[in-house]
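Chain identifiers are assigned alphabetically (A, B, ...) following the order of the sequence lines, protein sequences preceding nucleic acid strands; residue numbering begins at 1 within each chain. Quick note: numbers below take in every heavy atom, side chains included, and nothing from hydrogens, waters or symmetry partners.
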Amino acid sequence: MTIDLRTTHVEPLRRNFDHIAARIGDDKPASRYQEGVWGLQPAVNFHYRPTWDPAHELYDPTRTAIVMRDFDDFVDPRQYYYGTWTMQRARQQESQEKNFEFVEKRGLLAALDDAWRVKLVELVLPLRHVAWAGNTNNASICAYGFGAPLTSAAAMQMMDELGVAQYLSRAGLLLADNEPRFLDDAKRVWMTAPMWQPLRAAVELSMTIADWFELFVAQNLVIDGLVHPLVFDRFDRRLAAAGGAGFSLLNEFVVDWYAESSRWVDAMVKLAAAESADNAARIVTWTSDWRARIVAALAPLAEYGFGPDGTATLAEVDAGLVARAARLGVALEG
Amino acid sequence: MADKVFIALQNNADAQPIIEAILADNPEAVPQESPGMVKIDCPWRLVVRRESIEARIGREFDLQELHVHLISLGGNLDEDDDQFTLAWTR
Amino acid sequence: MAKKLGLKERYALMTRGLDWEPSYQPLDKLFPYDSYEGIVIKDWDAWADPFRLTMDAYWKYQAEKERKLYAILDAFQQNNGQLNLSDARYLSAVKLWLQGVTPLEYAAHRGFAHAGRAFRGAGARIACQMQSIDELRHAQTQLHAFSHYNKFFSGFHNFAHMRDRAWYLSIPKSFFEDAMTAGPFEFVTSISFAFEYVLTNLLFMPFVSGAAYNGDMATTTFGFSAQSDESRHMTLGLEVVKFMLEQHEDNVPIVQAWLDKWFWRGYRLLGLVGTMMDYMLPKKVMSWQEAWGIYWEENGVALFHDLARYGIRLPKHHEVAAKEKNRLTHEMWTVLYQYGNALGLHTWVPNDEELDWMSEKYGELFTSMYRPRLLHLRELEQRGERFFNNRLPMVCQVCQIPVFYTEPDDPHVQCVRIVEAAGTKHHCCSDGCADIFNREPMKYVQALIPPQQIYRGEAGGARDIFEYGAWLHLERDVDTGEYRGSPDQRHWQAWQQQHKATPADAA
């Protein structure tokens with residue numbers, strides 16, 4: 001049975017669910033993003049205390065020191081619900097697939113000399129482990145965070161970080177004709193090379209942070225905010241100049257994702273800091289603390305990657321973080 | 001009585017060749033149609049073969065494409081590039 | 001030229017050694033939640049994702065599913081697809097889904113994020129994380145499908161408020177919170193295994209097929225599409241259970257106790273699903289009894305035969321479920337019918353054709369016992385004395401269902417079990433629930449019991465069922481009560497008239 005659109009007019013009784021109308025009224029229908037996140041987290045009447053954390057309720061705003069009047073204000077500027085997120089990633093994946101084929105077919109990384117290849121293996125490929133920690137940490141933020149707008153985007157960040165780790169793995173495989181030897185080399189330096197140990201210690205420490213907003217700042221703002229510009233921008237340029245332009249193609253997803261997800265990270269931090277002076281002060285403390293730790297941890301890697309320019313390059317990346325934080329209402333010492 | 005494994009697929013045009021391939025490769029399989037879906041039961045073991053599907057659709061088929069039409073399954077799963085097997089231990 | 005990688009090899013290489021043994025923090029500090037349940041894992045690497053999905057393949061196939069799904073939802077909405085339903089009574093089932101099931105999808109999203117963080121094994125973590133984001137998908141696609149019904153019918157608008165407060169929604173809510181507040185191994189056993197592998201097939205296959213039969217393209221589309229994710233989740237659940245059983249023999253009694261508990265907890269929750277199938281689908285596909293026969297007695301039991309090699313037996317009280325299968329839904333419908341003033345959906349007495357179908361499907365017991373009761377209720381209604389029970393029910397301390405089911409061996413006697421903890425008596429609906437209570441009494445004494453909250457004045461000070469309904473943001477006799485004469489029915493009839501008066505080919 002088909003309905004003729006011209007003749008059957010059915011007057012709606014309302015446009016929005018009550019809890020959505022309470023936020024935006026009932027004059028116009030909510031977007032699918034708004035409908036998909038607002039009010040989704042249960043609010044009251046929890047039956048049992050978690051056996052794994054009896055000090056808190058199952059859903060509990062006090063798992064962070066950040067205080068918000070309404071955690072549903074944490075909307076994602078990208079307005080991703082599952083459908084738009086996964087379709088966007090599938091498009092990126094398709095283009096990334098072509099890049100991999102192109103680089104392989106044209107032998108674009110063959111021009112890279114051995115010294116640079118070793119640098120690539122020892123400086124870039126171990127970041128698959130950093131991305132893996134990013135995956136784990138965003139799982140924490142999703143599990144213990146508060147409010148569906150936040151947990152929904154954190155789940156996407158969690159899977160995206162896994163995607164980054166897997167794309168880096170694929171790059172490592174491609175460099176070695178699908179043999180795992182470079183991935184194994186990269187793991188070995190990650191575990192044992194002195195230059196990686198400060199960063200690995202910091203990453204392991206981040207995985208013990210109990211306050212999910214502190215973890216958000218440490219992982220998404222500071223760790224990714226320093227590592228990505230240093231390696232996927234600054235080092236990538238060096239590599240390109242040395243005949244490794246093909247490598248940029250392999251990292252297109254990583255670079256685009258970092259720029260895009262930063263919009264979400266920035267919006268969260270900015271909103272929380274603007275909510276109260278107490279929040280802002282905490283975020284300043286966390287950011288300063290983690291910035292100091294990660295900048296120090298990156299120093300030996302910068303030296304390895306950039307030689308005598310290491311210190312200046314890292315300082316430049318650090319200044320970028322300070323400027324970014326300032327735009328978010330988080331004033332750090334320069 | 002034999003324990004049955006099953007696979008259920010959406011009953012749409014794209015899934016038809018898959019259903020045909022399954023029925024051809026598993027002579028003991030029994031299809032049961034309900035609105036919108038087909039549930040295929042088979043004693044002990046059922047195999048979905050990539051080649052059989054490709055022979056019917058005339059193009060390459062990645063077994064992971066099954067997910068797009070799959071509704072449910074029962075049985076221990078083993079999947080590789082060539083076949084997707086559901087089985088109970090006898 | 002590089003060698004081509006097979007599915008298993010590719011997955012192994014792309015996730016190869018991503019995790020590592022920490023040197024600067026104790027492993028137990030990084031993963032504090034996966035050892036207190038007593039499950040012994042000797043080798044986490046022995047666990048493998050049976051689907052071996054890497055993110056690139058995940059995005060590719062999930063995006064394809066989403067494109068298909070939203071294309072159909074868009075068409076459904078643009079074409080006023082709600083007018084093609086078999087009858088507006090059908091929407092009671094959809095209301096119950098939105099109020100009771102969709103919130104569980106969000107809860108699963110959070111629960112699997114917890115498991116996806118808690119396990120120290122990398123493969124298990126990834127599989128749980130994928131499930132976490134899949135569950136978010138299900139919550140959101142359901143909201144997007146039901147949003148259209150909300151525009152035209154009652155009972156949908158206030159689901160988020162009711163979800164946390166309504167007495168009958170405490171049944172699904174307490175179920176899921178029970179699982180989420182357990183440790184990660186029990187959580188995965190309860191949800192991926194007992195709930196999804198053993199039980200949700202009943203919701204997503206026969207019920208959703210029923211939705212298709214009743215013209216609900218929106219529910220059919222998200223339902224089957226969601227279940228294709230569920231088939232991955234079930235397989236994950238089965239793998240996790242086999243993994244625990246294979247890792248150490250001490251795990252076997254722990255897992256068996258969880259299977260006993262979660263079979264019964266899930267079965268009790270399914271009483272609502274069975275009632276959706278038997279009573280709320282105007283056009284029937286199969287009865288609850290038939291569905292239980294196929295999906296539990298054949299498919300579920302086959303799985304337990306397979307697990308027998310590990311020393312696992314059928315869950316306790318499965319024989320009670322077999323005894324109850326010809327009366328479960330009839331008893332549940334009677335409860336929903338009488339408490340209709342405190343429900344966000346409509347109830348009614350089935351018509352003669354439906355009663356005949358039930359007599360055919362359920363035989364002697366239905367015809368001699370439940371049919372006369374339904375006919376009596378119809379007679380009262382026709383006299384203008386539609387029966388409502390406006391007092392508050394006593395509910396089970398574990399499953400939260402009003403204590404109204406009957407003794408397994410005698411459908412004429414109400415089944416009540418009294419349990420005791422810390423000097424206080426509590427009521428249970430069955431031996432199954434009493435066992436669950438007695439195994440963890442200090443967990444279940446915490447349960448919030450809605451009628452008791454009302455008596456304590458914690459439901460906005462409501463003094464009767466109508467004030468309670470108002471506190472739930474239910475509009476009396478619009479969202480609640482009898483279907484016949486309801487605004488939903490009036491609107492439906494008017495739209496159908498208009499629709500018939502202006503057939504598509506008249507223009």
Is chain A contacted by the side chain of C:Thr141, its backbone, both, or neither, given a heavy-atom distance below 4.5 Å?
neither
Value for CH2 (C:Trp20) from NZ (A:Lys187), rounded to nearest 0.5 Å, stands at 8.5 Å
Is the gap between the ring centers of A:Phe17 and C:Phe159 under 6.0 Å?
yes
Below 4.0 angstrom, N of the basic side chain to O of the carboxylate: do A:Arg32 and C:Asp74 qualify?
yes
Could you walk me through whether A:Gln166 and C:Thr54 pass the side-chain hydrogen bond (donor to acceptor under 3.5 Å, both in side chains) check?
CA-CA 8 Å; A:Gln166 291 183 338; C:Thr54 48; 4.8 Å; no
Residue that, paired with A:Asn45, satisfies side-chain hydrogen bond (donor to acceptor under 3.5 Å, both in side chains) out of C:Gln453, C:Lys173, C:Arg165
C:Gln453
Enter the distance from C:Lys443:NZ to A:His47:NE2 here, rounded to the nearest 0.5 Å.
11.5 Å
Between C:Ile126 and A:Trp132, is the side-chain contact (heavy atoms from CB on, under 4.5 Å) condition met? List the steps.
CA-CA 10 Å; C:Ile126 293 178; A:Trp132 172 247; 3.8 Å; yes
Evaluate the side-chain hydrogen bond (donor to acceptor under 3.5 Å, both in side chains) criterion for residues C:Ser23 and A:Arg200: first the C-alpha distance (whole Å), next the side-chain angles of each, then the deciding distance (0.1 Å), finally the verdict.
CA-CA 9 Å; C:Ser23 313; A:Arg200 184 157 73 89; 2.7 Å; yes
Interatomic spacing from NZ in C:Lys60 to CD in A:Glu97 - rounded to 0.5 Å
7.5 Å
Does any heavy atom of chain A fall under 4.5 Å from the side chain of C:Ala447, the backbone, both, or neither of them?
both
Can you measure from CG (C:Asp134) to OH (A:Tyr82) and round to the nearest 0.5 angstrom?
5.0 Å
Under a 3.5 Å threshold, yes or no: a donor from one side chain and an acceptor from the other, between A:Arg89 and C:Gln62?
no
Considering only heavy atoms, which portion of A:Leu162 lies under 4.5 Å from any heavy atom of chain C: side chain, backbone, both, or neither?
both
Of the backbone (N, CA, C, O) and the side chain (C-beta and beyond), which part of A:Gln41 lies under 4.5 Å from a heavy atom of chain C, both, or neither?
both
Quick check on C:His148 against chain A: is it the side chain, the backbone, both or neither that has a heavy atom closer than 4.5 Å?
neither
So, the part of A:Met191 with a heavy atom under 4.5 Å from chain C: the answer is side chain
Determine, for A:Arg170 against C:Asp56, whether the closest basic-nitrogen to carboxylate-oxygen distance falls under 4.0 angstrom.
yes
If you count heavy-atom pairs under 4.5 Å between each of C:Met180, C:Gln82, C:Glu37, C:Gln142 and chain A, which one has the most?
C:Met180
Structural part of C:His161 lying under 4.5 Å from a heavy atom of chain A:
neither
Taking atom CZ of A:Arg181 as the centre, does the number of heavy atoms from other residues, nucleotides or ligands within less than 6.0 Å exceed 12?
yes
Looking at C:Gln446, I want to see if its CD is surrounded by more than 12 non-hydrogen atoms of other residues, nucleotides or ligands under 6.0 Å.
yes
Before giving the answer on side-chain contact (heavy atoms from CB on, under 4.5 Å), spell out for C:Met14 and A:Tyr167 the whole-Å C-alpha distance, their side-chain angles and the decisive distance to 0.1 Å.
CA-CA 8 Å; C:Met14 279 176 66; A:Tyr167 279 126; 6.0 Å; no
Does any backbone or side-chain atom of C:Glu458 lie under 4.5 Å from a heavy atom of chain A? Answer side chain, backbone, both or neither.
neither
Region of C:Gln400 in contact with chain A, defined by heavy-atom distances below 4.5 Å:
side chain
C:Phe152 versus chain A, heavy atoms under 4.5 Å apart: side chain, backbone, both or neither?
both
Going by the angle between their ring planes, with limits at 30° and 60°, are C:Tyr33 and A:Tyr144 parallel, tilted or perpendicular?
perpendicular
Pick one of side chain, backbone, both or neither for A:Ile20, based on which atoms fall under 4.5 Å of a heavy atom in chain C.
neither
Under a 4.5 Å heavy-atom cut-off, does chain C meet the side chain of A:Arg91, its backbone, both or neither?
neither
At a heavy-atom separation under 4.5 Å, does A:Ala186 approach chain C through its side chain, its backbone, both, or neither?
neither
Report yes if some heavy atom in the side chain of A:Trp52 is under 4.5 Å from a heavy atom in the side chain of C:His114; otherwise report no.
yes
Determine, step by step, whether C:Tyr58 and A:Thr86 satisfy the side-chain hydrogen bond (donor to acceptor under 3.5 Å, both in side chains) criterion, reporting the C-alpha distance in whole Å, the side-chain angles of both residues, the deciding distance to 0.1 Å, and the verdict.
CA-CA 9 Å; C:Tyr58 178 86; A:Thr86 199; 6.0 Å; no
